[in-house]
Number of protein chains: 2
Amino acid sequence: MEFGLIEAIRARTGAGRRDVVLGIGDDAALLDVPAGQQLVACTDTLVEGVHFLRGTAPEDLGWKSLAVNLSDLAAMGAQPAWAMLALTLPAADADFVEGFATGFAELARARDVALVGGDTTQGPLTITVTALGCVPHGAALTRAGARIGHDVFVTGTLGDAAGALRKMLVRDDVPAALRARLDRPEPRVRAGLALRSLASACIDVSDGLAADLGHACTASGVGAELELGALPLSADLCAAFDGETCRGFALAGGDDYELCFTAPESSADAILAACANVNLRVTRIGRVVAGSGVRVLDAAGRVVDVPHAGWEHFAP
Amino acid sequence: MEFGLIEAIRARTGAGRRDVVLGIGDDAALLDVPAGQQLVACTDTLVEGVHFLRGTAPEDLGWKSLAVNLSDLAAMGAQPAWAMLALTLPAADADFVEGFATGFAELARARDVALVGGDTTQGPLTITVTALGCVPHGAALTRAGARIGHDVFVTGTLGDAAGALRKMLVRDDVPAALRARLDRPEPRVRAGLALRSLASACIDVSDGLAADLGHACTASGVGAELELGALPLSADLCAAFDGETCRGFALAGGDDYELCFTAPESSADAILAACANVNLRVTRIGRVVAGSGVRVLDAAGRVVDVPHAGWEHFAP
């Protein structure tokens, strides 16, 4: 089954990249990885009713399906280059295809990503994107480099997407700024590039800060302590919910797509400068400690419970 | 949702490849593309009820979801290296996961492919595999190099998978050899490698010979004439169906995963030797002509209708 989707995206993304020797239209794409660079590859699936609500605008799905993958590349310090798209659709739906192509292409153009392959099939709405990028040999950020005494940082603000989702689920008005965080996440690619030589470990926040930082701690063989009062909250989130709810979203809400990373204290000034340079807020939120797991401390140093562990999908 | 699938496959595929700097377990995989090589990338989705019948053994699905992608790499003359798997499953089903992992890992091991990423989600059964491989700079086979006067070849035999599917759909006994062609296709990777310097254009037969050769003709700006009597048919297929039905399957049945390719007459001997060297039958089935499209000629030189254009999915 062919919906014209791949062609529609190609038409909207222009001539593409010079490192695409052969793009869509052959059995496979043929790509030039620059000399001295390593390939970085990730894949993520979005399923209707699990990762997004039925009725989500196709433009937003197109954007987000690429964004969540570019966010993974960002967390590796990689420069995104190419993407492949597998879309399963219940039926040919010209409006959906048009909208999806528009949203996907909008982000692809903005980040200079070429769509180089794809497959459209008939079935229940499911979107799988594979993103490919490059990083200079040995320069990739991983989850495994956090060391005791390092600081923990996070970019941007946390909990906005979870706040939007909560408002939608209770059928309340959703502030536009929160909704944009849920529907149109901005992958922190430039920050990831800037942090390559500065961060000791890095992960993107997709399942929730506590859960994702926990993954990095496990990979690094350390623990972490977070300061509840230090979590960066947006003015929009604070205007929509009480403080405790906001902090709960910040700790455990999903879909933030910020970068959480660790670094030695000596890098702090350079980190602030690097993030300022890409116009992105960055906040020190805790430190790496011996042991395992993530503890959250209030102003008095008491341990606070994380509301729930990680992103609870809004599954049927 | 995590089914343990990715871990189960990793456990079955062993230590993996030395060019996997970082595999499963970080935000993305980190891979070393050898110097002087280009990256080859493809993705394909299998949906229950569209690409395979409900009730297909999970072992076979695991194998086939990788095989169809390796077949695309083979058609480019690429050496498969890495794969990523996105599996959407209705519910945690330990038997399914175990079976799927076994089949996927069996082919991955046999072809030295490392699973380097994946995503398991809850939803209607859908499998998307992305395969990555490498080819020396400039050596890739494409669909676009067929020239007037070149011969048309195909590897192996055609129509076996379509014969198996027909038997299943009419609830007849399915000869084991035909069933194996449908459920466990062998990607023609070694043939693809051997044909790099010999073939002028190459495509894998997934939608049906006439349809796929038609794609190569379009990409090359030429037409092709096939000799009906030359189509290679297996003894198993001929034992199960009359000759006309067999030839119909060979022309228009899908899921063959043979390589169809063109080459100048001067390469014929080398092609026979190369395929013999990888223990694969190869047959000259026609020639490239001026014009466009694929015509099929009987022994008297009369044009024969292709039964139907391409693989009709057995959709609900």
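Below, chains carry the letters A, B, ... as their sequence lines are ordered, and counting in each starts from 1. Values below: all heavy atoms of this structure, side chains included; hydrogens, waters and symmetry mates excluded.
Contact annotation for A:Ala35: neither backbone nor side-chain heavy atoms come within less than 4.5 Å of a heavy atom of chain B. Heavy-atom distances place the side chain of B:His137, and not its backbone, under 4.5 Å from chain A. Proximity to chain A (any heavy atom under 4.5 Å) is restricted, for B:Leu132, to the side chain, taken from C-beta onward.
Between B:Met84 and A:Ala41 the shortest heavy-atom distance is CE-CB, 3.8 Å. Between A:Thr43 and B:Leu85, the closest heavy-atom pair is CG2-O, 4.5 Å.
A donor-acceptor pair under 3.5 Å links the side-chain atoms of B:Asp119 to the main chain of A:Thr45, judged by distance alone. Judged by distance alone, with hydrogens and angles left aside, the side-chain atoms of B:Asp26 form a donor-acceptor pair with the main-chain N or O of A:Arg143 at under 3.5 Å.
Separating the OG1 atom in B:Thr142 from the CG atom in A:Leu30 is a distance of 9.0 Å, to the nearest 0.5 Å. Here B:Ile203 contributes atom CD1 and A:Asp27 contributes atom CG; the two are 5.0 Å apart, rounded to the nearest 0.5 Å.
Annotation for A:Arg190: atom CZ does not count as buried by contact number, only 12 or fewer foreign heavy atoms lying within 6.0 Å.
Among B:Asp44, B:Val47, B:Leu46, the one residue that satisfies the side-chain contact (heavy atoms from CB on, under 4.5 Å) test with A:Thr121 is B:Val47.
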Might you work through the side chain to side chain contact (heavy atoms under 4.5 Å, CB included) test for A:Thr126 and B:Thr128, ending with a clear yes or no?
CA-CA 10 Å; A:Thr126 310; B:Thr128 297; over 6 Å; no
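Across B:Ala144, B:Gly117, B:Pro124, B:Ala74, the residue that shares the most heavy-atom pairs under 4.5 angstrom with chain A is B:Pro124.
Side-chain contact check for A:Val50 versus B:Thr88: every heavy-atom pair is 4.5 Å or farther apart. Side chains of B:Gln37 and A:Val33 form no contact here, defined as non-hydrogen atoms less than 4.5 Å apart.
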